[in-house]
Amino acid sequence: MKILVTGGAGFIGSHVIRRFVTNHPSYTIYNLDALTYAGNLSNLSDIEKAPNYHFIKGDITDGPYIENLFSKYAFDKVIHLAAESHVDRSIEDPLSFVKTNIIGTVNLLNACKSIWGEDYTNKLFYHISTDEVYGSLGEDGLFTEESSYDPNSPYSASKASSDHFVRAYHETYNLPVVISNCSNNYGPNHFPEKLIPLCINNIIHQKPLPVYGDGKYTRDWLYVIDHAIAIDQVAHKGVVGETYNIGGYNEWQNIDLVKLLCDIMDEKLSRKQGSSQNLITFIKDRPGHDKRYAIDASKITKELGWKPSVTFEEGLRLTIDWYLSNADWLENVTSGNYLEYYKKMYS
Ligand code: NAD
Ligand code: TYD
């Protein structure tokens, strides 16, 4: 079984690669990644020498390259995570999201269609998507697999479009596909442009903690390793043509989450309780900011037996411990281009 994971050097992809390389030694796992600012091979240093793991540096937006790669390796399954993933960057540069998230996905679908021919036995294209495609919830309700698509940011619009293409290739060409839409992930190796690792980094350095608008926006947070476990289960037991929503049943308003992070970090860094909360700074809101996301994950629980395995407080503590004991990783990714990005977005 040859499995291609795209975007395996990124945050979620690296946890998926580690899980598959370790838990499925009979599979050969290929990691295709362009190593953009978000890709980092040091995320995988512990498994890079495993005999069933291979890294390929390549770009999913390059159609002819992808066709060649697929004819050379004849992958059986594709788990597709490669993407531009940050909403704020999508507001600055929507076209790069169109290229990677839409054209890149269609290139992969075309390559699967051409190498698999008519024989789809044991073949699968598994598309990893987000709950953001469903738009924004009001005070009540949860996103189910039946919720209509209503994306509001260039990022979520590009992911919604890629989901539609995946579905269309199933309907039109019978391609064996499955999609999962997950809520916000957090955990080790998360690039510090996203809320949780950005705040961890800023608390360490006693820099302001930028909270958009009134801070009352709500997200449903899931520990990244629980997402990787869900992806493993969907890849093995998911029904072709189906969508599975994955979430943490764990809603937090941003301001409460940032306060909790501050308190745990004050304790871990032996700082006076309350001192990090003084760093909280409300700043200009994100345009088109979605008010609330929350997932109904009952389908994957009922049909595939998956549920989150760690509580939020446990997951946050594990995450903070990882950042505190991997200062080199953090230092590496926050030097160079990150400083320019930070200045542009926050000054
Ligand atoms: P990430 O930004 O950390 O990683 C993306 C990876 O894709 C990087 O390694 C990058 O180098 C690679 N990549 C980007 N463009 C590429 C290209 N053209 N060719 C090949 N590789 C390329 O993203 P993430 O947070 O790990 O998200 C992974 C996937 O999961 C994405 O599809 C995202 O939409 C989805 N998702 C993320 C979350 C979340 O909370 N982070 C939640 C739900 C779904
Ligand atoms: P983020 O981690 O960017 O994920 P997403 O936009 O995909 O949900 O943001 C999570 C929430 O935190 C979102 O409501 C925006 C908010 N946020 C801030 O308040 N300040 C920040 O500096 C960032 C990056 C996000």
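Read the numbers this way: they start at 1 and go in the same order the structure lists the ligands and their atoms. Remember, predicted model here, so these are calculated numbers, not experimental data.
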Output yes when Lys299 and Glu146 qualify as a salt bridge under the 4.0 Å nitrogen-oxygen rule, no when they do not.
no
Hey, is the main chain of Ala83 close enough, under 3.5 Å, to the side chain of Asn101 for a donor-acceptor pair?
no
So do the side chains of Cys182 and Leu222 get within less than 4.5 Å of each other, counting heavy atoms only?
yes
Any nitrogen or oxygen of Asp88, side chain or backbone, less than 3.5 Å from one on ligand 2?
no
Give the C-alpha distance, both sets of side-chain angles, the deciding distance and a yes or no for side-chain contact (heavy atoms from CB on, under 4.5 Å) between Arg292 and Leu142.
CA-CA 10 Å; Arg292 175 172 164 257; Leu142 299 170; 4.2 Å; yes
So which heavy atom in the protein is nearest atom 3 (O) of ligand 2, and how far is it from that ligand atom?
Arg286 NH2, 3.1 Å
Counting from 1 in the order shown, the ligand 2 atoms closer than 4.0 Å to a non-hydrogen atom of Val211 are 19 (O)
If you look at each N/O of ligand 1, which protein N/O atoms lie under 3.5 Å away, and at what distance?
from	atom 1	to	atom 2	distance (Å)
ligand 1	2 (O)	Ser85	OG	2.7
ligand 1	3 (O)	Phe11	N	3.0
ligand 1	9 (O)	Gly10	N	2.9
ligand 1	9 (O)	Asp33	OD1	3.2
ligand 1	9 (O)	Asp33	OD2	2.6
ligand 1	11 (O)	Asp33	OD1	2.5
ligand 1	11 (O)	Thr36	N	3.0
ligand 1	11 (O)	Thr36	OG1	3.1
ligand 1	18 (N)	Asp59	OD1	2.8
ligand 1	19 (N)	Ile60	N	3.0
ligand 1	21 (N)	Ala34	N	3.1
ligand 1	23 (O)	Ser85	OG	3.3
ligand 1	26 (O)	Phe11	N	3.4
ligand 1	26 (O)	Ile12	N	2.8
ligand 1	32 (O)	Leu81	O	3.0
ligand 1	32 (O)	Lys159	NZ	2.7
ligand 1	34 (O)	Tyr155	OH	2.7
ligand 1	34 (O)	Lys159	NZ	3.1
ligand 1	40 (O)	Asn185	N	2.9

List in chain and number order the residues that pass side chain to side chain contact (heavy atoms under 4.5 Å, CB included) with Ala160, two or more places apart in sequence or in another chain; answer none if no residue qualifies.
Val133, Tyr149, Pro151
N or O pair under 3.5 Å between Pro210 and ligand 2
yes
For the 3.5 Å polar cut-off, considering only N or O atoms, please tell me whether Glu193 and ligand 2 meet it.
no
Could you identify the single nearest non-hydrogen protein atom to atom 22 (O) of ligand 2 and state the distance to 0.1 Å?
Tyr346 OH, 2.7 Å
Pairs in or reaching into residues 245-267: which pass ring-ring contact (aromatic ring centres under 6.0 Å, His included), with residues at least two apart or in two chains?
Trp252-Phe312
Look at atom 4 (O) of ligand 2 and find which of Val87, Asn184, Leu198 reaches it with the closest heavy atom.
Asn184
So is there a nitrogen or oxygen of Tyr293 less than 3.5 Å from a nitrogen or oxygen in ligand 2?
no
Say whether, by atom type as modelled, one donor and one acceptor occur between the side chain of Ser71 and the main chain of Glu67 under 3.5 angstrom.
yes
Atom 8 (O) of ligand 2: which protein heavy atom is closest, and how many Å away?
Arg219 NE, 2.7 Å
Using distance alone, with no hydrogens and no angle criterion, decide if Glu193 and Tyr37 have a side-chain donor and acceptor under 3.5 Å apart.
yes
Extract all donor-acceptor atom pairs below 3.5 Å that involve side chains of residues 204-211 and protein atoms in other chains or at least two apart in sequence.
from	atom 1	to	atom 2	distance (Å)
His205	ND1	Asn201	O	3.0
His205	ND1	Asn201	OD1	3.2

Any donor-acceptor pair under 3.5 Å from Ser276 side chain to Gly274 backbone:
no
Taking 4.0 angstrom as the limit and counting only heavy atoms of Tyr217, give me the atoms of ligand 2 inside it, by number and element.
14 (O)
Report yes if the distance between the aromatic ring centroids of His236 and His24 is under 6.0 Å, otherwise no.
yes
Does Lys272 use its side chain to pair, donor to acceptor, with the backbone of Asp266 at less than 3.5 Å?
no
Backbone or side-chain N or O of His289 under 3.5 Å from ligand 2 N or O
yes
What protein heavy atom sits nearest atom 19 (O) of ligand 2, and how far off is it?
Tyr212 N, 2.8 Å
Checking a contact table here: which protein heavy atom is nearest atom 2 (O) of ligand 2, and how many Å away?
Leu195 N, 2.9 Å
Are the side chain of Thr6 and the backbone N or O of Leu81 linked by a donor-acceptor pair below 3.5 Å?
yes
Using a 4.0 Å cutoff against the non-hydrogen atoms of Glu132, which atoms of ligand 2 qualify?
5 (P), 7 (O), 8 (O)
With a cut-off of 6.0 Å (strictly less than), are more than 12 heavy atoms of other residues, nucleotides or ligands near CD of Gln273?
yes
Does Lys291 count as lying over the ring of Tyr217, i.e. NZ or CZ under 6.0 Å from the six-ring centre, within 45 degrees of the axis?
yes
Taking the non-hydrogen atoms of Tyr155, is any one of them nearer than 4.0 angstrom to ligand 2?
no
Enumerated ligand 2 atoms positioned under 4.0 Å from heavy atoms of His86:
3 (O)
What's the shortest distance from atom 16 (C) of ligand 2 to any protein heavy atom, and which residue and atom give it?
Asn254 ND2, 3.4 Å
Using a 4.0 Å cut-off to any heavy atom of Lys194, which atoms of ligand 2 qualify?
2 (O)
